[in-house]
> 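For reference, the structure I am asking about is given below.
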Amino acid sequence: MAPPGVLMVAEKPSIASSIASVLSRGKMSTRKGSTEVHEFDGTFLGFPAYYKVTSVIGHVFSVDFPEKYQNWSATDPLDLFQAPVRKAESNPKAHIRRHLSQEARGCTHLVLWLDCDREGENICFEVIECSGFHINDGKRRIHRARFSSVTEKDISKAMDSLVEPNKDEALAVDARQEIDLKVGVAFTRFQTGYFQGKYGNLDSRVISYGPCQTPTLGFCVQRYLQITTFKPEKYWALHPYIVMDGYELLLDWERHRLFDFDVAAMFQKLVLQDGVLLVTGISEEQETKGRPQGLNTVNLLKVSSSALGFGPHHAMQLAERLYTQGFISYPRTESTAFPSSFDFRSTLGELAKVPIWAEYVHNLLSGGYQKPKSGTDVGDHPPITPMRAASEDLIGNDAWRLYQYICQHFLGTVSPDCKFVRTKIQFSSGGESFHCVGKHVRVEGFTAIMPWLAVSEKNLPRFARGEKIAMSKVELFEGKTAPPDYLSESELISLMEKHGIGTDASIPVHINNICERNYVQVQSGRKLVPTPLGITLIRGYQCIDPDLCLPDIRSFIEQQIMLVAKGQADHSRIVLHVLQQFKQKFAYFVKQIDNMDALFEAQFSPLADSGRALSKCGKCLRYMKYIASQPSRLYCGTCEEVYYVPQKGTIKLYKELTCPLDNFELLIFSMAGPEGKSFPLCPYCYNNPPFEGIDTLFGTGTKAAGAASGGKLGKGAGMPCFLCPHPTCRHSVISQGVCACPECSGTLVLDPVSAPKWRLYCNMCNCMVLLPQGAHRISTTSERCSDCESKIIEVDFNKNSTPLEGGATLHRGCILCDELLHSLVEVKHGKSFFKRSGGARGRGGSWRRGGRGRGGAGKKVDPKMSFSEF
DNA sequence: GCAAGGTC
């Protein structure tokens, strides 16, 4: 009988690989799957066993509303609070569920090696669900490995003390997911709909709200308000100078500064009358500036922003790459303490291979390096450390600068503390006290490798207690208090960490979000300056319900779900309770929205005053206004209707033609770039597709949208004319479609404004076909090819370049079956547009004529005609 | 078109 199978699952592929190599002592075989599977023989619970170690890639599932709640206009956001929620695979293409279910087959033990935090505990249960194991199943057992680092010692220890997964912690995460979803989506949909329907220049496609992102924005706006409401005040300070050993020394006043001129002037007079300074005290103290603790993510992000000029998002991308290339350890960690088993010597040995630190490392190794300071160990991952020697050539400039910092920080942690002597001399004159401070470094310590943290040397002349020194002058310095600067990104990260907003992995995402939503802008020195939109939003929350933008909103949720995690409260009761409170807040917010709107009115222009006239409304026959700022749309002031148009391109009136269905004037939309295709659309049909069964709408995130645009086109359930099956309109796909796309199930449509570089493009994918260039006119006809059913096109060649005999210019034919036309067309497709036909234009072996095509050939009304046997 | 949390 085969030994029992033991399936082990980690949170990410790298951990699975480490665990497998430890347990198999490097003797495993690895095969590819959705994620890698490492297999080996061993013993489990004292019996021979066959091991399979694999991983998920973070959460397997994410939570969302069912389909019927997805329509923004048909759902009242208030209903979302009671709506059911569904879990669906976060990344369906990765097929993690299938992978786990397949690998679990035949296994009698499941060992969960997910990260030892709340999220990891939640993923445990996702894995259990996918694998078909059940808690309390006597035959197929579930085990949880608790480990604090991926080292041989910790892995073996975890194997010897397997426990059960903690359902309460997992339920706490379920609770958070549901609360975040419902609160975030309800507020976001409501305020987006409300303000976007009223103002034309908000410049954000979506006006989002979230229990992390909004307090994050709140911090930036709070600082902005401190600056704008700041009232500078004059102050005065005494600045006595002495000249010693040939240079001038300024002394500090014990009172620092005073805000009353008369009083300050009086003190100046007293000191002037005295005229000399008496040395009243000399103190010398040995001071220590401690070496840093291990580097965690948040500190790396702060340094990246303030010293390297990298935004958190960019810094994490760089770190991620350094990690996957094996140059640094796992970059997402909260811990600053090293595990006791950490091998400092081998890390130092690796760093000795980097020429710029070779000498420093050798000195450390020979002189005895220090044990790092204790720090905090959250039990997730060790601090971020270098793993392998790198060079600038190997990893590129930005990554190198980050890597350098990580190395310097690591060397700092194992270097001696910096020691210096601080000398303070105290003086008195006219009853007032003054002092000056000198610093002398005795041991450079870690500051040698982190020179920006060095203590600056300040030498003082020698003084003797009781000595009287003449003043060279006593200034009455006049200053003005100054407002603080805008919040720096690094300060924001500190505030977020302090208030528990986001996690090491999500802090960069929240900062990125408030930038992308146009709530703040990053200015030079990585200062965060809120935009009018960001300021107005926060001021709005402040006047309706300040809780909505305070950091406490996150801690409230956190504290509630903690009760679930600790088993002190029931999951569904907590969710119900928290959502009830937020629902009340939401209802109040909706009721009071006028107060926020008053602020918007003062800052933004109404839709009716925005934009330029473009296209006549088919209902009232008056011109609508085109609002170019995102999301671009048309607004009919008479009907008070908004019509969204495709985003990120240019839009123009299309020859004053109108849609036969609704009388709206047609527009022509051109996508950006030299190869960007152009197509007509009716504003009404684009927003309200008139035909049922149009399942591949454009600009909705569906197949046609993604592929055809090569990117997101934004809002509006789009049906441009190239998807319209109207049987007689000359712009529909029935009239303009030529033949089936060779690449997908779409149709190649004539681009009506592509002259003189005439072309067809696919209405579903990126495929494009170049037609005879330089022709005066190319149009479709109502005839079809008798061989392949493609639409016959008519070409009016240029007189000077016509390929026709006798200088004739007019030619009709099928682009596939007509020899002349066929030789003049060329397929380009995808973003790379590589040529499919061999070499020169024409006669590519891949285009064959005749025969029956696939996809809809023969169906007379189906516009997808054959591109036979392509 | 929406949140926040994993990870790629």
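First the proteins, then the strands, lettered A, B, ... as listed; each starts at 1.
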> May I ask you to say what A/V183 touches in the nucleic acid, namely base, sugar-phosphate or nothing, with a heavy-atom cut-off under 4.0 Å?
nothing
> Heavy atoms from C-beta onward define the side chain here; which of B/dG6, B/dA4, B/dC8 lies closest to that of A/S62?
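Nucleotide nearest to A/S62's side chain: B/dA4.
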> By the 4.0 Å heavy-atom rule, please label A/R118 as base, sugar-phosphate, or nothing.
nothing
> Could you work out, with salt bridge (Lys or Arg N to Asp or Glu O under 4.0 Å) as the rule, every residue matching A/D174, not counting sequence neighbours?
A/K87
> For the pair made of CG in A/D174 and P in B/dG6, what is the distance, rounded to whole Å?
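That distance rounds to 14 Å.
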> Quick one: label A/N122 by what it contacts on the DNA or RNA (base, sugar-phosphate, nothing), any heavy atom closer than 4.0 Å.
nothing
> Measure from CD on A/Q213 to P on B/dA4 and round the result to the nearest Å.
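From A/Q213 CD to B/dA4 P: 5 Å.
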> Heavy atom of residues 68-79 of chain A under 4.0 Å from DNA chain B: which residues?
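Of all residues in residues 68-79 of chain A, the ones placing a heavy atom under 4.0 Å from DNA chain B are A/Q70, A/W72.
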> Are OP1 or OP2 of B/dC8 and a side-chain N or O of A/R321 less than 4.0 angstrom apart?
no
> Roughly how many Å is it from OH in A/Y644 to C1' in B/dG1, rounded to a whole number?
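Whole-Å distance recorded here is 9 Å.
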> For A/A186 and for A/G500, locate the closest nucleotide of DNA chain B by heavy-atom distance; then report the residue assigned to the nucleotide nearer the 5' terminus.
A/A186
> Quick one: which of B/dG5, B/dC2, B/dT7 gets closest to the side chain of A/S208?
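Given the options B/dG5, B/dC2, B/dT7, the side chain of A/S208 is closest to B/dC2.
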> Once you round it to whole Å, what is the distance between P of B/dG6 and CZ of A/R176?
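Interatomic distance, CZ of A/R176 to P of B/dG6: 7 Å.
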> When you get a sec, tell me which of B/dC8, B/dA4, B/dC2 is the closest nucleotide to the side chain of A/E320?
B/dC8
> Please classify the nucleic acid contact of A/Y209 as base, sugar-phosphate, or nothing, using heavy-atom distances under 4.0 Å.
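It contacts sugar-phosphate atoms only.
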> Tell me the interatomic distance from A/I96, atom CD1, to B/dG6, atom C1', rounded to whole angstroms.
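It works out to 12 Å between those atoms.
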> Of the listed nucleotides (B/dG6, B/dA3, B/dG1), which one gets closest to any side-chain atom of A/P211?
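So the nucleotide nearest the side chain must be B/dA3.
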> Would you check if there is a donor-acceptor pair between the side chains of A/E36 and A/T30 at a distance under 3.5 Å?
no
> Is it true that the NZ or CZ of A/K182 lies under 6.0 Å from the centre of A/F582's six-membered ring and within 45 degrees of the ring axis?
no
> A/S329: what forms a side chain to side chain contact (heavy atoms under 4.5 Å, CB included) with it, not counting sequence neighbours?
A/I384, A/T385, A/M387
> Would you indicate which nucleotide in B/dG1, B/dA3, B/dG5 comes nearest to any side-chain atom of A/C212?
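Of B/dG1, B/dA3, B/dG5, B/dG5 is nearest to the side chain of A/C212.
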> Go through the structure and list residues passing side chain to side chain contact (heavy atoms under 4.5 Å, CB included) with A/A88, not counting sequence neighbours.
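Residues passing side chain to side chain contact (heavy atoms under 4.5 Å, CB included) with A/A88: none at all.
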> Side chain of A/S90 only, heavy atoms from C-beta on: which candidate in B/dA3, B/dG5, B/dT7 is closest?
B/dG5
> Which nucleotide in the set B/dT7, B/dA3, B/dG5 lies at the smallest distance from any side-chain heavy atom of A/H59?
B/dG5
> On DNA chain B, nearest-nucleotide positions of A/G184 versus A/V509: which is more 5'?
A/G184
> Taking only heavy atoms on the protein side, list every residue of residues 550-560 of chain A lying under 4.0 Å from any atom of DNA chain B, sorted numerically.
A/R554
> Run the side-chain donor-acceptor check on residues 500-508 of chain A: report pairs under 3.5 Å with partners two or more places apart or on a different chain.
{"from": "A/T503", "atom 1": "OG1", "to": "A/A505", "atom 2": "N", "distance (Å)": "3.3"}
{"from": "A/T503", "atom 1": "OG1", "to": "A/S506", "atom 2": "N", "distance (Å)": "3.2"}
{"from": "A/T503", "atom 1": "OG1", "to": "A/S506", "atom 2": "OG", "distance (Å)": "3.2"}
{"from": "A/D504", "atom 1": "OD2", "to": "A/T333", "atom 2": "N", "distance (Å)": "3.4"}
{"from": "A/S506", "atom 1": "OG", "to": "A/T503", "atom 2": "N", "distance (Å)": "2.8"}
{"from": "A/S506", "atom 1": "OG", "to": "A/H510", "atom 2": "NE2", "distance (Å)": "3.4"}

> Select one nucleotide: of B/dG5, B/dC2, B/dT7, the one nearest the side-chain heavy atoms of A/T503.
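Taking heavy atoms from C-beta onward, the closest nucleotide is B/dG5.
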> Pick base, sugar-phosphate or nothing for A/G120, based on heavy-atom distances below 4.0 Å to the nucleic acid.
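The residue A/G120 makes no contact with any strand.
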> Which nucleotide wins on minimum distance to the side chain of A/D64, given the candidates B/dC8, B/dG1, B/dC2?
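Looking only at heavy atoms from C-beta outward on A/D64, the closest nucleotide is B/dC2.
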> Does a donor on one side chain and an acceptor on the other come within less than 3.5 Å for A/Y403 and A/D398?
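Absent: no donor and acceptor within the cut-off.
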> Of the options A/K585, A/Q584, A/K583, A/H577, which is the one that meets A/Q581 in a side chain to side chain donor-acceptor pair (under 3.5 Å)?
A/H577
> Using the six-membered ring of A/F327, assess whether NZ or CZ of A/R388 lies under 6.0 Å from its centre and within 45 degrees of the ring axis.
yes
> Take atom NZ of A/K87 and atom P of B/dG6, then tell me their distance rounded to the nearest Å.
14 Å
> Could you tell me how far apart A/L80 (CG) and B/dG1 (P) are, to the nearest whole angstrom?
17 Å
> If I take atom CD in residue A/E89 and atom P in nucleotide B/dG5, what distance separates them, rounded to the nearest angstrom?
22 Å
> Take atom CD of A/Q70 as the centre, draw a 6.0 Å sphere, and report whether it contains more than 12 heavy atoms from other residues, nucleotides or ligands.
yes
> Scan A/Y194, A/F187, A/Y209 and name whichever one has a ring pair (Phe, Tyr, Trp, His ring centres under 6.0 Å) with A/F589.
A/F187
> Identify which nucleotide among B/dA3, B/dG5, B/dC8 has an atom closest to any side-chain atom of A/I57, counting heavy atoms from C-beta outward.
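Closest nucleotide to the A/I57 side chain: B/dC8.
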> Is any side-chain N or O of A/R189 closer than 4.0 Å to OP1 or OP2 of B/dG1?
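False: A/R189 side-chain N/O out of range (4.0 Å or more) of B/dG1 OP1/OP2.
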